[in-house]
Peer 1: 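Below is one structure. I have some questions about it.
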Amino acid sequence: MTTTTDVLVVGGGGSGLSAAISAATSGATSLVLEKCPVVGGSTGRSVGSFTAANTAYQYRAGVNDSIELFIEDMKTANGDDEARENVALRRVFAENAGTTLEWLSSIGVQFLGPTPEPPFEKPRMHNVLPNSGAYITALSREARKRGVRVVTDARVERLLRNADGEVIGARAGGEDYLGRRAVILASGDYSAATDMKAAFVGEAAAKVQAVNPNSTGDGFRLGNDVGGTMLQMDRLYEGLRFLPGKMPDPIKLLPATPAVSRAVRFLSERLPKNLLAVLLRGALTSWVGPSNDLYRAGGICVNEKGVRVANEDSEKLLARGVAADSNRGWMVFDETVAQRFSAWPHPVTTFPGVAYAYVQDFARYRPDTFFKADTLEELATKAGIDPAALRGTVERFRQHAAAGHDPDFGRTEFGTGIGAGPYYALGPMQSYITLADGGLAVDTDLRVTAEDGTPIPGLYAAGSTGQGGLQLLNHGLHIGWAMVSGRIAGRNAATAPVRTDLRFVGSTASVLNTPVEELNVASRRPVS
């Protein structure tokens, strides 16, 4: 069976739905192939922040911003990675983020903000209300309104090309889907692709699980098979998060309908800040990762055997150390550290500029993760950690802190160390990869390009699949890029010339199991 449309989109997350809607509003028919039973992708699993300049939210808040200031702040956030930046794509993003956020607002997405997000000097982070499901609800509704067809349970196995080498469609579930004008890859990143993580980052990173287990790098393999090349595949966001609580988080339970979103925004903008912070602390203690500042102040991270797992100076190394064992870790610290992280400016977790959670909030909202005792042995027993081993680990760490030298892991920041009790433990925590920052090479029109920069006829990419060397090193940028790139790719694909030859040639066998060593990557050097 063959289905034909103008623009074929692979992936039904934020970028894919935005692309399909953009194509439809540009006068083309569009169809989305989503491999999962429902749409949503990583966008629907995210915290949901969207960072943009020159928005109506900023104007109402009296924030005087500009595209150039936004770009300068992104340079600052990049630090040493600025040398790797795709400056052309950065400008595309900066110039279109504000209008894209306004477009989302026009289809029913509500935001709280703007809020500060250092090192950016201007408040630009807009927090979606009531949760990230609002993006998918609004985009799905708009897609239906614009006549976009969505096919679920349709994992694309291979892209199809004609005799001239143009990408003309895709095969999914034994059926062929053809795009008269173009195909857009918007299938997310490779954070759940064990072989790709091992090859491009290292075996230790490969053991860290992904927040989205469906991000298996399909678009990377599909694009690579027709001549695309991958950039910056050494970049993963690895960290620790608390295990989900037994009680559902009320923010996640709120239906992300327009009426609820408007009501939440109305209340959020009018509630006293202290009361709003209280309402948000349940989320902060449930699905936001803890700050590494607590370790720098003197805490340590141990597994259930009571031993340290890695250098606490590095969030990445901690994630790998926890994942290498039982994938259970606890933050252990003393009364001095607990008192410090019980008040501003030292939160354990944070929604920047919105709400903060401190040690006592875990006792109140997540008692399943909070442990306190007068002795280390009693603390270990309560938390499910080996008591004798924890005592030995703390004693050894005290010696390292006193000497200012850590022969076990090379830690350099000891803070006040671990002194007298009472003692505290927060956990268990698990290791996760939230995002992978590699992407197919694309030009400023979001056309996938070969290694020499030549566009591959008929193929576009958006979101993480089409990140193209763009650095997104602050909160709210990945969601922003997903929506911005999706809209641009959809608009350009809709105006591409209609292909006259939709007869495909060559094999239709799946390329999803292509050995990773056969993939075309700008650099294969694993990084530590």
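The residues of the chain are indexed from 1 along the displayed sequence.
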Peer 1: Between E72 and K122, does any NZ, NE, NH1 or NH2 come within less than 4.0 Å of an OD or OE carboxylate oxygen?
Peer 2: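 Result for this pair is no, no salt bridge flagged.
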
Peer 1: So do R90 and K75 actually touch side chain to side chain, heavy atoms under 4.5 Å?
Peer 2: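 Yes, close enough: below the 4.5 Å cut-off.
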
Peer 1: Is the number of heavy atoms from other residues, nucleotides or ligands under 6.0 Å of N64 CG greater than 12?
Peer 2: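 It does not: N64 CG has 12 such atoms or fewer within range.
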
Peer 1: Considering non-hydrogen atoms only, spot the tightest contact between D313 and T412 and give its length.
Peer 2: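 Minimum heavy-atom contact is OD2-N, 2.7 Å.
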
Peer 1: Return yes if some donor-acceptor pair links the side-chain N/O of E102 with the main-chain N/O of A56 below 3.5 Å, else return no.
Peer 2: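 Side chain of E102 to backbone of A56: a pair is present.
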
Peer 1: Look only at the side chain of E85 and the backbone of V87, and say whether a donor-acceptor pair between them is shorter than 3.5 Å.
Peer 2: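 A pair under 3.5 Å: no.
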
Peer 1: Give the C-alpha distance, both sets of side-chain angles, the deciding distance and a yes or no for side chain to side chain contact (heavy atoms under 4.5 Å, CB included) between Y57 and T115.
Peer 2: CA-CA 10 Å; Y57 288 87; T115 57; over 6 Å; no

Peer 1: Quick one, I479 with S49, criterion side chain to side chain contact (heavy atoms under 4.5 Å, CB included). Give me CA distance, side-chain angles, the key distance, then yes/no.
Peer 2: CA-CA 7 Å; I479 289 288; S49 302; over 6 Å; no

Peer 1: Taking T55 for its side chain and G98 for its backbone only, find out whether a donor-acceptor pair lies under 3.5 Å.
Peer 2: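 Judged by distance alone, no pair lies under 3.5 Å.
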
Peer 1: Among side-chain atoms of D437 and Q232, is any donor-acceptor pair under 3.5 angstrom?
Peer 2: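 Side chains of D437 and Q232: no pair found under 3.5 Å.
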
Peer 1: In Å, rounded to the nearest 0.5 Å, how long is the span from OG of S30 to CG of L17?
Peer 2: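 It is 10.0 Å, given to the nearest 0.5 Å.
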
Peer 1: So, Q471 and N78: side-chain donor and acceptor under 3.5 Å apart, yes or no?
Peer 2: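 Side-chain D/A pair, Q471 to N78: absent.
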
Peer 1: Give me the atom names and distance for the closest heavy-atom approach of T100 to V484.
Peer 2: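 Closest heavy-atom pair between T100 and V484: OG1-CG2, 3.5 Å.
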
Peer 1: Measure across Y460 and V448 and return the closest heavy-atom pair with its distance rounded to 0.1 Å.
Peer 2: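 Shortest heavy-atom contact: C-CG2, 3.7 Å.
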
Peer 1: With rounding to the nearest 0.5 Å, note down the distance linking CG in D225 to CG in N520.
Peer 2: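 CG of N520 is found 11.5 Å from CG of D225.
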
Peer 1: Using atom types as modelled and distance alone, determine if a side-chain donor or acceptor of H126 lies under 3.5 Å from a backbone N or O of F50.
Peer 2: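 Judged by distance alone, yes, a pair lies under 3.5 Å.
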
Peer 1: Out of curiosity, R499 CZ to D6 CG, how far, rounded to the nearest 0.5 Å?
Peer 2: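 The CG atom of D6 is 10.0 Å from CZ of R499, to the nearest 0.5 Å.
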
Peer 1: Between T51 (side chain) and H475 (backbone), is there a donor-acceptor pair under 3.5 Å?
Peer 2: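 Yes; at least one donor-acceptor contact below 3.5 Å.
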
Peer 1: Between Q430 and L240, does the side chain to side chain contact (heavy atoms under 4.5 Å, CB included) criterion hold? Intermediate values first, please.
Peer 2: CA-CA 5 Å; Q430 282 187 330; L240 298 175; over 6 Å; no

Peer 1: Are the side chains of K316 and V208 in touch, meaning some heavy atoms are under 4.5 Å apart?
Peer 2: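 No - every pair of side-chain heavy atoms lies 4.5 Å or more apart.
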
Peer 1: Can you tell if the side chain of R149 reaches within under 4.5 Å of the side chain of T5, non-hydrogen atoms only?
Peer 2: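 No, their side chains stay 4.5 Å or more apart.
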
Peer 1: Shortest non-hydrogen contact from S431 to V322?
Peer 2: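 Closest heavy-atom pair between S431 and V322: OG-CB, 3.4 Å.
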
Peer 1: Are the side chain of S485 and the backbone of A462 linked by a donor-acceptor contact shorter than 3.5 Å?
Peer 2: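 Checking the backbone N and O of A462 against the side chain of S485, no donor-acceptor pair under 3.5 Å is found.
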
Peer 1: Taking ring pair (Phe, Tyr, Trp, His ring centres under 6.0 Å) as the definition, give me every residue that meets it alongside Y237, ordered by chain and number, with sequence neighbours left out.
Peer 2: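 Once residues adjacent in sequence are excluded, the partners of Y237 under the ring pair (Phe, Tyr, Trp, His ring centres under 6.0 Å) criterion are H478.
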
Peer 1: Check this for me: does any side-chain nitrogen of one of R124 and D73 sit under 4.0 Å from a carboxylate oxygen of the other?
Peer 2: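 So R124 pairs with D73 through a salt bridge.
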
Peer 1: Quick one: sort the W481 and F93 rings into parallel, tilted or perpendicular, breaks at 30° and 60°.
Peer 2: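 W481 vs F93 ring planes: perpendicular.
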
Peer 1: Go through D218 and V156 one step at a time and tell me if the side chain to side chain contact (heavy atoms under 4.5 Å, CB included) criterion holds.
Peer 2: CA-CA 8 Å; D218 293 8; V156 171; over 6 Å; no

Peer 1: Would you say S215's side chain and A192's backbone share a donor-acceptor pair under 3.5 angstrom?
Peer 2: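 No, the answer is negative, given that no donor and acceptor are paired below the 3.5 Å cut-off.
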
Peer 1: Could you tell me whether the side chain of F220 reaches within less than 4.5 Å of the side chain of M233, counting heavy atoms only?
Peer 2: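 Sidechains of F220 and M233: in contact.
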
Peer 1: Just so I know, are the side chains of K35 and N214 near enough to count as touching, which here means a heavy-atom distance under 4.5 Å?
Peer 2: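 Yes. Closest side-chain heavy atoms under 4.5 Å.
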
Peer 1: What's the shortest heavy-atom distance between R241 and T434, and which atoms?
Peer 2: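 The answer is NH2-CG2, 3.3 Å.
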
Peer 1: Before accepting this row, confirm whether a basic side-chain N of the pair D195/R221 lies closer than 4.0 Å to the acidic partner's carboxylate O.
Peer 2: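 Result for this pair is yes, salt bridge flagged.
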
Peer 1: With rounding to the nearest 0.5 angstrom, report the CG to CG distance, L101 to N54.
Peer 2: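 Result: 11.5 Å between the selected atoms.
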
Peer 1: Can you find a heavy atom in the side chain of L8 that is under 4.5 Å from one in the side chain of L178?
Peer 2: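 With C-beta onward as the side chain, the pair stays apart.
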
Peer 1: Can a side-chain donor-acceptor contact be found between D443 and T449 if the only test is distance below 3.5 angstrom?
Peer 2: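 The criterion, which ignores hydrogens and geometry beyond distance, is not satisfied for D443 and T449.
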
Peer 1: So how far is it from R84 CZ to L231 CG, rounded to the nearest 0.5 Å?
Peer 2: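 R84 CZ to L231 CG: 9.5 Å, rounded to 0.5 Å.
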
Peer 1: Measure across V211 and R45 and return the closest heavy-atom pair with its distance rounded to 0.1 Å.
Peer 2: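 The pair with the smallest heavy-atom distance is O-NH1, 3.4 Å.
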
Peer 1: How many angstroms lie between atom CH2 of W103 and atom CE of M483, to the nearest 0.5 angstrom?
Peer 2: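 Result: 7.5 Å between the selected atoms.
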
Peer 1: Within the distance-only criterion (no hydrogens, no angle test), does the side chain of S132 pair as donor or acceptor with the backbone N or O of S46 below 3.5 angstrom?
Peer 2: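 Checking the backbone N and O of S46 against the side chain of S132, a donor-acceptor pair under 3.5 Å is found.
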
Peer 1: Would you say N474's side chain and A77's backbone share a donor-acceptor pair under 3.5 angstrom?
Peer 2: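 Not confirmed, N474 side chain does not pair with A77 backbone.
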
Peer 1: Got L459 and L185 here, is their nearest side-chain heavy-atom distance under 4.5 Å?
Peer 2: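 In short, these two side chains touch, coming nearer than 4.5 Å.
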
Peer 1: Check whether any side-chain heavy atom of N292 lies under 4.5 Å from a side-chain heavy atom of E312, and answer yes or no.
Peer 2: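 No, their side chains stay 4.5 Å or more apart.
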
Peer 1: Quick check: does any side chain N or O of S191 sit under 3.5 Å from a backbone N or O of A436, one acting as donor and the other as acceptor?
Peer 2: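 Flag not set: sc S191 to bb A436 has no pair under 3.5 Å.
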
